[in-house]
Amino acid sequence: VPLKGHKGLAYEGGAGVPFIVKWPGVTKANTRNNEYFIIEDMFPTFLEMTGIDSFSQDSDRIDGRSIVPLIKGNRKPFKERAIFWHFPHIMHEPYHPYSSVRKGDWKLIYFHMERTLELYNVQDDIGESIDLAQKSPNKTKELVTILSNHLRDTKAGMSIDKNTNKPVEYPDEIL
């Protein structure tokens, strides 16, 4: 698969991982689903698969959501769901701190130190070779707003700019 990047980078080569499910009586052999989800979805998925519902009253405190509907072939509830990545630290080169959001076919990446945005339609361009941030300003602004609101709502720590010793701006503050 021609994915850009590797583990630890903001691109699909670092975020996309195959997932295989065998659930006798539920899944059908040789079926495929290309919808996306995030690792935080595993806990509520396993709870639902095992029939444990004691956490349902605390669903606001559980990150993620069950992907059992996807496993059963119902893609509708997940089609336009936003998922997020936030890595405000640098391990070593070539890693750069970033935050990103994927919603539907679109993925926006905000590189903290460079204060740059990249936008990709990962359905049409799985290799993330064509940055559409300048060509699609409305989609860029939509995803910047979603990402910025999420970072604020979760009180996510931002990278510290070594030149100013202050946190970098949220993505909507650089537009």
Side-chain angles (χ1 to χ4, degrees), residues 1-89 95 97-111 117-130 132 136 139-140 142-157 171:
V1 179
L3 299 179
K4 183 177 183 176
H6 54 78
K7 196 71 179 161
L9 296 182
Y11 303 104
E12 288 298 295
V17 180
F19 183 71
I20 299 170
V21 175
K22 180 179 179 181
W23 190 0
V26 178
T27 57
K28 295 178 185 171
N30 300 315
T31 59
R32 185 179 183 148
N33 185 325
N34 291 321
E35 297 301 319
Y36 59 90
F37 61 92
I38 199 160
I39 193 68
E40 287 81 359
D41 295 336
M42 293 295 85
F43 180 63
T45 299
F46 294 147
L47 289 176
E48 184 173 347
M49 290 173 82
T50 59
I52 298 172
D53 62 358
S54 61
F55 288 93
S56 62
Q57 68 273 14
D58 293 329
S59 62
D60 288 343
R61 295 184 336 175
I62 297 174
D63 289 335
R65 58 195 268 202
S66 172
I67 64 164
V68 166
L70 287 178
I71 294 169
K72 291 181 175 181
N74 182 2
R75 299 173 180 180
K76 203 171 191 176
F78 290 83
K79 199 63 180 160
E80 287 295 317
R81 174 187 179 204
I83 60 174
F84 304 91
W85 294 264
H86 180 63
F87 293 94
H89 54 280
Y95 304 98
Y98 72 91
S99 302
S100 64
V101 58
R102 166 95 189 256
K103 185 173 185 232
D105 296 339
W106 295 91
K107 181 176 177 184
L108 177 98
I109 305 168
Y110 172 50
F111 290 100
L117 299 166
E118 294 180 10
L119 177 71
Y120 299 98
N121 183 314
V122 292
Q123 178 65 36
D124 295 341
D125 178 22
I126 191 67
E128 295 168 295
S129 61
I130 303 168
L132 300 170
S136 302
K139 183 56 75 173
T140 299
E142 174 192 342
L143 292 179
V144 160
T145 300
I146 290 168
L147 179 58
S148 298
N149 288 343
H150 174 76
L151 293 170
R152 286 186 183 98
D153 290 347
T154 59
K155 297 176 177 48

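All values reported here derive from a predicted model rather than from experimental measurement. Sequence positions, counted from 1, serve as the residue numbers for this chain.
At distances below 3.5 Å, at least one donor-acceptor pair connects side-chain atoms of Asn33 with backbone N or O atoms of Leu70. In terms of modelled atom types and a separation under 3.5 Å, the side chain of Tyr36 and the main chain of Gly104 share a donor-acceptor contact. Asp41 places a side-chain N or O within donor-acceptor distance of the main-chain N or O of Arg65, the cut-off being under 3.5 Å. Remark: the backbone N or O of Lys28 is paired with a side-chain donor or acceptor of Thr31 at under 3.5 angstrom. Under a 3.5 Å cut-off, the side chain of Thr27 and the backbone N or O of Lys22 do not form any donor-acceptor pair. Of the possible polar contacts, none joining the Asn149 side chain to the Ile146 backbone as a donor-acceptor pair under 3.5 Å is found.
With hydrogens and angles left out, the side-chain atoms of Glu12 and Tyr120 include no donor and acceptor closer than 3.5 Å.
Shortest non-hydrogen contact noted between Pro88 and Pro97 is C-CB, 3.6 Å. Annotation for Gly64 and Arg81: closest pair CA-NH2, 4.2 Å, computed over non-hydrogen atoms. For the residue pair Pro171 and Leu151, the shortest heavy atom distance occurs at CD-CD1, 3.9 Å. His86 and Ser99 get closest at one heavy-atom pair: ND1-OG, 2.6 Å.
Under a 4.0 Å N-O distance rule, the pair Glu128/Lys107 qualifies as a salt bridge. Remark: Asp125 does not engage Lys4 in a salt bridge, criterion side-chain N to carboxylate O under 4.0 Å.
Rounded to the nearest 0.5 Å, atoms OH (Tyr98) and CZ (Phe87) are 4.5 Å apart. Once rounded to the nearest 0.5 Å, the distance linking CG of Leu132 with CD of Glu118 reads 10.5 Å. Atom CD1 in Ile52 sits 12.0 Å away from atom CE in Met49 (nearest 0.5 Å). Between Met42 atom CE and Leu47 atom CG the span is 11.0 Å, to the nearest 0.5 Å. Ser136 OG to Leu119 CG: the interatomic distance, rounded to the nearest 0.5 Å, is 6.0 Å.
Using the six-membered ring where Trp is involved, His6 and Tyr95 have ring planes that are perpendicular, over 60° apart on the 30 and 60° scheme. Taking the six-membered ring where tryptophan is involved, the planes of Phe84 and His150 are essentially parallel, since the angle between them stays under 30° and well short of 60°.
A heavy-atom distance below 4.5 Å is not found between the side chains of Asp124 and Asp105. Contact of the Ile83 side chain with the Phe37 side chain is not registered, since no non-hydrogen atoms from C-beta on lie closer than 4.5 Å. The side-chain heavy atoms of Leu147 and Ser100, taken from C-beta on, include no pair separated by under 4.5 Å. A heavy-atom distance below 4.5 Å is found between the side chains of Ile67 and Phe19. Contact of the Leu108 side chain with the Thr140 side chain is registered, since non-hydrogen atoms from C-beta on lie closer than 4.5 Å. Taking 4.5 Å as the limit, some side-chain heavy atom of Trp23 sits within range of a side-chain heavy atom of Val68. Side-chain contact between Leu143 and Trp106 is present, with heavy atoms from C-beta onward closer than 4.5 Å.
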**Request:** Give the C-alpha distance, both sets of side-chain angles, the deciding distance and a yes or no for side-chain contact (heavy atoms from CB on, under 4.5 Å) between Ile71 and Thr45.
**Result:** CA-CA 10 Å; Ile71 294 169; Thr45 299; 4.1 Å; yes

